[in-house]
K.L.:
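Below is one structure. I have some questions about it.
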Amino acid sequence: MEPRVSLITLGVEDVTRAAAFYAAMGWRRVDSPEGIVVFDLLGQALGLYPRADLARDMGVAPETLGTGAMTLAYNVREKAEVAEVLDAARAAGAHVLREAHDVFWGGHIGYFADPEGHVWEVAHNPFSPLSKEGAFRWEGYG
């Protein structure tokens, strides 16, 4: 297995509401089959799929699928951008779980939950600068 994530699919109760949130964050929606909404990301895609359909595809009961037990991370170039992204998320309908703050390892982070409860970490990691295009690599692109 090659080291990559190609598509992140979030199971959601209200696809329209979830799609409106990510569009309000400035993400570009692309053509996709009926029943799933897809946004292009840098080198991957984010899919929004009805939670019940995702559970059916997996062969499990919908109530076994939760949210919030993991984070999706969005890294930024500058420390001040953490608060800016949290403010934009709040304006788009997210619940800010923790405001921007410094952390023990030398970075600056904050957390929000999208309208469906999926948790995002917004981080500035001074030890892993983003590429010119915005791609993240653990030790940076330098």
Side-chain angles (χ1 to χ4, degrees), residues 2-58 60-142:
E2 295 177 47
R4 70 170 168 270
V5 175
S6 305
L7 172 66
I8 298 165
T9 301
L10 302 179
V12 298
E13 292 298 322
D14 187 334
V15 174
T16 302
R17 177 181 70 173
F21 171 77
Y22 289 101
M25 293 298 292
W27 290 14
R28 185 175 65 86
R29 187 172 170 173
V30 296
D31 288 338
S32 57
E34 184 72 29
I36 187 168
V37 172
V38 178
F39 292 89
D40 257 346
L41 306 178
L42 186 63
Q44 14 182 253
L46 178 76
L48 305 174
Y49 193 50
R51 187 184 322 270
D53 293 344
L54 183 61
R56 184 197 67 236
D57 290 352
M58 292 180 192
V60 300
E63 58 273 10
T64 65
L65 301 180
T67 59
M70 63 168 274
T71 63
L72 299 161
Y74 179 81
N75 280 56
V76 295
R77 290 179 174 83
E78 302 294 331
K79 182 177 179 176
E81 289 179 86
V82 174
E84 292 169 9
V85 172
L86 291 174
D87 288 343
R90 183 184 288 113
H95 173 67
V96 174
L97 302 171
R98 188 154 184 205
E99 297 291 345
H101 62 283
D102 292 333
V103 289
F104 71 93
W105 49 265
H108 192 74
I109 64 173
Y111 293 93
F112 71 84
D114 75 6
E116 292 277 339
H118 300 284
V119 178
W120 286 83
E121 173 189 30
V122 182
H124 173 251
N125 183 338
F127 311 108
S128 296
L130 302 178
S131 74
K132 183 177 123 182
E133 297 79 21
F136 175 83
R137 183 172 289 152
W138 184 253
E139 293 180 356
Y141 285 83

K.L.:
Test of understanding: with salt bridge (Lys or Arg N to Asp or Glu O under 4.0 Å), list the residues that count as partners of D57, not counting sequence neighbours.
P.N.:
none
K.L.:
Tell me, do D114 and M25 make a side-chain contact under 4.5 Å, heavy atoms counted?
P.N.:
no
K.L.:
Take a 6.0 Å sphere around CZ of R17 and say whether it holds more than 12 heavy atoms from other residues, nucleotides or ligands.
P.N.:
yes
K.L.:
If the condition is side chain to side chain donor-acceptor pair (under 3.5 Å), which residues does E63 pass it with, not counting sequence neighbours?
P.N.:
none
K.L.:
Give, for atom CZ of F112 and atom CG of L97, the distance between the pair rounded to the nearest 0.5 Å.
P.N.:
9.0 Å
K.L.:
Do you know which of N75, V76, V122, L86 makes side chain to side chain contact (heavy atoms under 4.5 Å, CB included) with E81?
P.N.:
V76
K.L.:
How long is the straight-line distance from OH of Y22 back to NE2 of H118, given to the nearest 0.5 Å?
P.N.:
6.5 Å
K.L.:
Which heavy-atom pair separates A83 from A100 by the least distance, and what is that distance?
P.N.:
N-CB, 4.1 Å
K.L.:
Which atom pair, heavy atoms only, marks the closest approach of A45 to V38?
P.N.:
CB-CG1, 3.8 Å
K.L.:
Can you name the closest pair of heavy atoms from Y111 and V119 and give their distance?
P.N.:
CD2-CG1, 4.1 Å
K.L.:
Taking only residues at least two apart or on different chains, which pairs with a member in residues 71-107 satisfy ring-ring contact (aromatic ring centres under 6.0 Å, His included)?
P.N.:
none
K.L.:
Could you tabulate the donor-acceptor pairs under 3.5 Å formed by side-chain atoms of residues 3-13, not counting sequence neighbours?
P.N.:
residue: R4; atom: NH1; partner: E2; partner atom: OE1; Å: 2.9
residue: E13; atom: OE2; partner: R51; partner atom: NE; Å: 2.8

K.L.:
Of all residues at least two apart in sequence or in a different chain, which pass the salt bridge (Lys or Arg N to Asp or Glu O under 4.0 Å) check with E99?
P.N.:
R90
K.L.:
So does L41 get a backbone contact from the side chain of Q44, meaning a donor-acceptor N/O pair under 3.5 Å?
P.N.:
no
K.L.:
Which pair of non-hydrogen atoms, one from V82 and one from G110, has the smallest distance, and what is that distance?
P.N.:
CG1-N, 3.8 Å
K.L.:
Please report the closest heavy-atom contact between P115 and G93, naming both atoms and the distance.
P.N.:
CG-O, 3.8 Å
K.L.:
Taking side chain to side chain donor-acceptor pair (under 3.5 Å) as the cut-off, I'd like each qualifying pair that reaches into residues 24-43, sequence neighbours left out, listed once.
P.N.:
R28-D40
K.L.:
Testing the basics here: between P126 and G107, what is the closest heavy-atom pair and its distance to 0.1 Å?
P.N.:
CD-CA, 3.9 Å
K.L.:
Ignoring hydrogens and geometry, is there a side-chain-to-backbone donor-acceptor pair from S131 to E133 under 3.5 Å?
P.N.:
yes
